[in-house]
Structure formats: structure tokens, C-alpha cells
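For the numbers below, each heavy atom of this structure counts, side chains included, while hydrogens, waters and symmetry mates do not. What you see is a predicted model; the values in this text were computed from it and never measured.
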Amino acid sequence: MCLGIPGRIESITNPAPMERSARVSFGGIRKEINIAFVPEAGVGDFVIVHVGFAISVVDEKEACRIFHYLDEIGEAGGYG
């Protein structure tokens, strides 16, 4: 099973369209993520990340709901 995790974009680190990347926070853990698939995403937005790529933008309410579900199954590791 594949799992996408929500994270909040903290900064855009490369604005080039095909290489667009950002520093994304996952409950305090920060990773460099490719955001080329979500050109509408900006600083402060939540994105669903799978294997280092943001695949969709979600609102904060949806991100919190996902964190809650992950906490219930013991997979969030304290992110939410």
C-alpha cells in the first residue's frame, strides 16, 4: 500500500517550472520536496507528498483530518 502524507510548504527553494522544489515540514521534520506537479502550491499551503513528490494541494482542515487518521492507526509519529 502507498501512503501520501500531508506537509506544509515553508519555502520555495527552486522556482524553475520542471524542477520546482520546496522545503516542506512534516510536524517539525523538514524535507526537500519536488512540487512541480502542483504549480498552484505556495508557501503556507498543505500538500500531499508521496515518495518525495507533492501530488496534490489540500486545505488545513483536510490535512488535520489525515493526521488524525494516521494517529489512530499509529503511523503519524506525532505529526498531528
Side-chain angles (χ1 to χ4, degrees):
M1 180 172 98
C2 298
L3 185 64
I5 303 294
R8 184 189 300 254
I9 296 175
E10 293 186 335
S11 63
I12 306 295
T13 56
N14 182 350
M18 294 304 291
E19 301 170 4
R20 194 163 181 251
S21 60
R23 173 73 64 191
V24 177
S25 176
F26 302 91
I29 298 170
R30 290 166 179 82
K31 299 283 186 181
E32 191 79 14
I33 301 298
N34 184 300
I35 59 170
F37 296 149
V38 287
E40 72 277 17
V43 173
D45 288 340
F46 280 90
V47 289
I48 299 296
V49 177
H50 176 67
V51 296
F53 291 85
I55 56 175
S56 66
V57 176
V58 294
D59 63 26
E60 186 172 4
K61 182 178 177 182
E62 178 68 10
C64 288
R65 197 179 94 199
I66 294 167
F67 285 135
H68 175 75
Y69 291 143
L70 292 173
D71 280 338
E72 283 184 351
I73 63 172
E75 294 292 326
Y79 293 128

Is there side-chain contact between [X] and [Y], with heavy atoms separated by less than 4.5 Å?
{"X": "Ile33", "Y": "Phe26", "value": "yes"}
{"X": "Ile12", "Y": "Ile35", "value": "yes"}
{"X": "Ile48", "Y": "Ile66", "value": "yes"}

- Item | Closest contact, heavy atoms only, Ala36 versus Pro17 | CB-O, 3.5 Å

- Item | Nearest non-hydrogen partners of Ser25 and Glu10, listed with the distance | CB-OE2, 3.3 Å

- Item | Rounded distance [0.5 Å steps], CZ in Arg23 versus CG in Asn14 | 13.0 Å

- When rounded to the nearest 0.5 angstrom, what is the spacing between CG in Leu3 and CG in Leu70? 6.0 Å

- If Ile, Leu, Val, Met, Phe, Trp and Tyr residues are connected whenever their side-chain heavy atoms lie under 4.5 Å apart, and connections chain through other members, are Met18 and Ile55 in the same group? no

- Item | ILVMFWY cluster, Val47 and Val43 together (side-chain gap under 4.5 Å) | yes

- Query: Okay, side chain of Ser21, backbone of Thr13: is any donor-acceptor separation there less than 3.5 Å?
  - Reply: no

- Message: Please verify the inter-ring angle class for Phe53 with Phe37; under 30° counts as parallel, over 60° as perpendicular, anything in between as tilted.
- Response: parallel

